[in-house]
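Whatever order the structure lists them in is the order used to number ligands and atoms, beginning at 1. Atom set for the values below is all heavy atoms of this structure, side chains included, hydrogens, waters and symmetry mates excluded. We number each residue from 1, following the sequence as shown.
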Amino acid sequence: MSDCLFCKFVSGEISPQTVYEDDDVLAFRDINPQAPCHVLIIPKKHISTLNDLTEQDAELVGKLYLAAAKVAKQEGIDEAGYRTVMNCNEQAGQTVFHIHLHLLGGRCMNWPPG
Ligand code: 5GP
Ligand code: ZN
């Protein structure tokens, strides 16, 4: 997707602050962090929203979570705890339409979320 910001991160056209990368997944720091640790984990494959996932993406979604756990450990927030969230569409506040798992930690999280 040539007009997708996160696809530009994957292609290298724009370089985010990468904290983890493998064949399927890229993780980088959020530009507007909402917690001391705020990392976005994305699939290298363009998928617009959670609604667009197919059965073929099941393993890929698992890899997003495995990457999140790796980054949490790397960031030293795994034991204290952290939150992962994926926003879908307008009412959830999705603003970038290439799915991404938010990894938030380094402070206490409220529940229910806002
Ligand atoms: P959403 O609101 O779609 O769930 O999350 C999009 C996230 O992408 C936001 O937390 C926002 O701060 C982050 N973001 C938007 N533009 C950029 C950018 O250019 N670089 C980085 N690293 N994060 C971005
Ligand atoms: Zn994309």
Side-chain angles (χ1 to χ4, degrees):
M1 286 273 295
S2 57
D3 59 343
C4 170
L5 176 65
F6 288 176
C7 281
K8 288 179 180 161
F9 289 178
V10 172
S11 71
E13 189 179 335
I14 304 174
S15 297
Q17 257 191 286
T18 300
V19 296
Y20 175 81
E21 181 171 12
D22 62 30
D23 287 346
D24 303 298
V25 165
L26 181 69
F28 51 88
R29 296 198 190 283
D30 196 291
I31 203 169
N32 182 23
Q34 301 301 311
C37 172
H38 188 173
V39 169
L40 302 176
I41 299 119
I42 68 169
K44 290 190 170 177
K45 173 187 173 184
H46 180 90
I47 302 168
S48 298
T49 79
L50 205 151
N51 289 338
D52 300 303
L53 287 175
T54 67
E55 291 291 331
Q56 284 70 45
D57 298 318
E59 193 176 339
L60 184 57
V61 172
K63 288 177 178 178
L64 294 181
Y65 281 90
L66 286 170
K70 275 184 196 157
V71 173
K73 192 173 174 106
Q74 199 174 290
E75 295 283 311
I77 59 170
D78 55 325
E79 291 299 328
Y82 55 89
R83 182 167 294 170
T84 56
V85 63
M86 188 182 290
N87 297 321
C88 181
N89 279 338
E90 192 183 344
Q91 284 204 345
Q94 184 175 6
T95 57
V96 178
F97 288 83
H98 177 134
I99 61 166
H100 45 282
L101 192 60
H102 292 260
L103 167 66
L104 296 144
R107 66 168 172 82
C108 284
M109 300 289 154
N110 296 321
W111 194 264

- Query: Are any side-chain N or O atoms of R107 and backbone N or O atoms of Q34, one a donor and one an acceptor, separated by less than 3.5 Å?
  - Reply: yes
- Query: Any side-chain heavy-atom pair from L104 and Y82 closer than 4.5 angstrom?
  - Reply: no
- Query: So do I41 and Y65 actually touch side chain to side chain, heavy atoms under 4.5 Å?
  - Reply: no
- Side chain, backbone, both or neither: which part of H102 comes within less than 4.0 Å of ligand 1 when only heavy atoms are counted? side chain
- In ligand 1, the atoms that come under 4.0 Å of a heavy atom of F6 are 8 (O)
- Query: Backbone N or O of N110 within a donor-acceptor pair of the R83 side chain at under 3.5 Å?
  - Reply: yes
- Any N or O on P16 sitting closer than 3.5 Å to an N or O of ligand 1? no
With a cut-off of 3.5 Å and sequence neighbours excluded, list every side-chain donor-acceptor pair involving residues 91-99.
| unit_1 | atom_1 | unit_2 | atom_2 | d |
| --- | --- | --- | --- | --- |
| Q94 | OE1 | N89 | N | 2.8 |
| Q94 | NE2 | S48 | O | 3.0 |
| Q94 | NE2 | V96 | O | 3.0 |
| H98 | ND1 | H46 | ND1 | 3.3 |
| H98 | NE2 | P43 | O | 2.8 |

- Query: What part of H100, side chain from CB on, backbone N/CA/C/O, both or neither, has a heavy atom under 4.0 Å from ligand 1?
  - Reply: side chain
- Message: D24 vs K44, test: salt bridge (charged side-chain N to carboxylate O under 4.0 Å, His left out). Steps then yes/no.
- Response: CA-CA 5 Å; D24 303 298; K44 290 190 170 177; over 6 Å; no
- Query: With atoms numbered from 1 as shown, which atoms in ligand 1 lie under 4.0 angstrom from a non-hydrogen atom of L5?
  - Reply: 16 (N), 17 (C), 18 (C), 19 (O)
- Might you point out which heavy atoms bring A68 and L103 nearest each other, and give the distance in Å? O-CD2, 3.8 Å
- Task: Please confirm whether the backbone N or O of Y20 pairs with a side-chain atom of T18, one donor and one acceptor, at under 3.5 Å?
- Result: no
- Does some non-hydrogen atom of M86 fall short of 4.0 Å from ligand 1? no
- How close does the nearest protein non-hydrogen atom get to atom 13 (C) of ligand 1, and which residue and atom is it? D30 OD2, 3.4 Å
- Find the distance between NZ (K8) and OG (S15) and round it off to the nearest 0.5 Å. 13.0 Å
- Note on the structure: Looking at L104, N32, L40, the heavy atom closest to atom 8 (O) of ligand 1 belongs to L40
- Would you check whether T95 has a nitrogen or oxygen atom less than 3.5 angstrom from a nitrogen or oxygen atom of ligand 1? yes
- Message: Heavy-atom distances under 4.0 Å decide this one: backbone, side chain, both or neither, for N87 against ligand 1?
- Response: side chain
- Query: Using a distance threshold of 2.8 Å, what protein N/O/S atoms lie below it relative to the Zn ion (ligand 2)?
  - Reply: C4 SG, C7 SG, H46 ND1, H98 ND1
- Item | pair H38-H102: side-chain heavy atoms closer than 4.5 Å | yes
- F9 near ligand 1 by a heavy-atom separation under 4.0 Å: yes
- Check: E75 and K73 side chains under 4.5 Å, non-hydrogen atoms: no
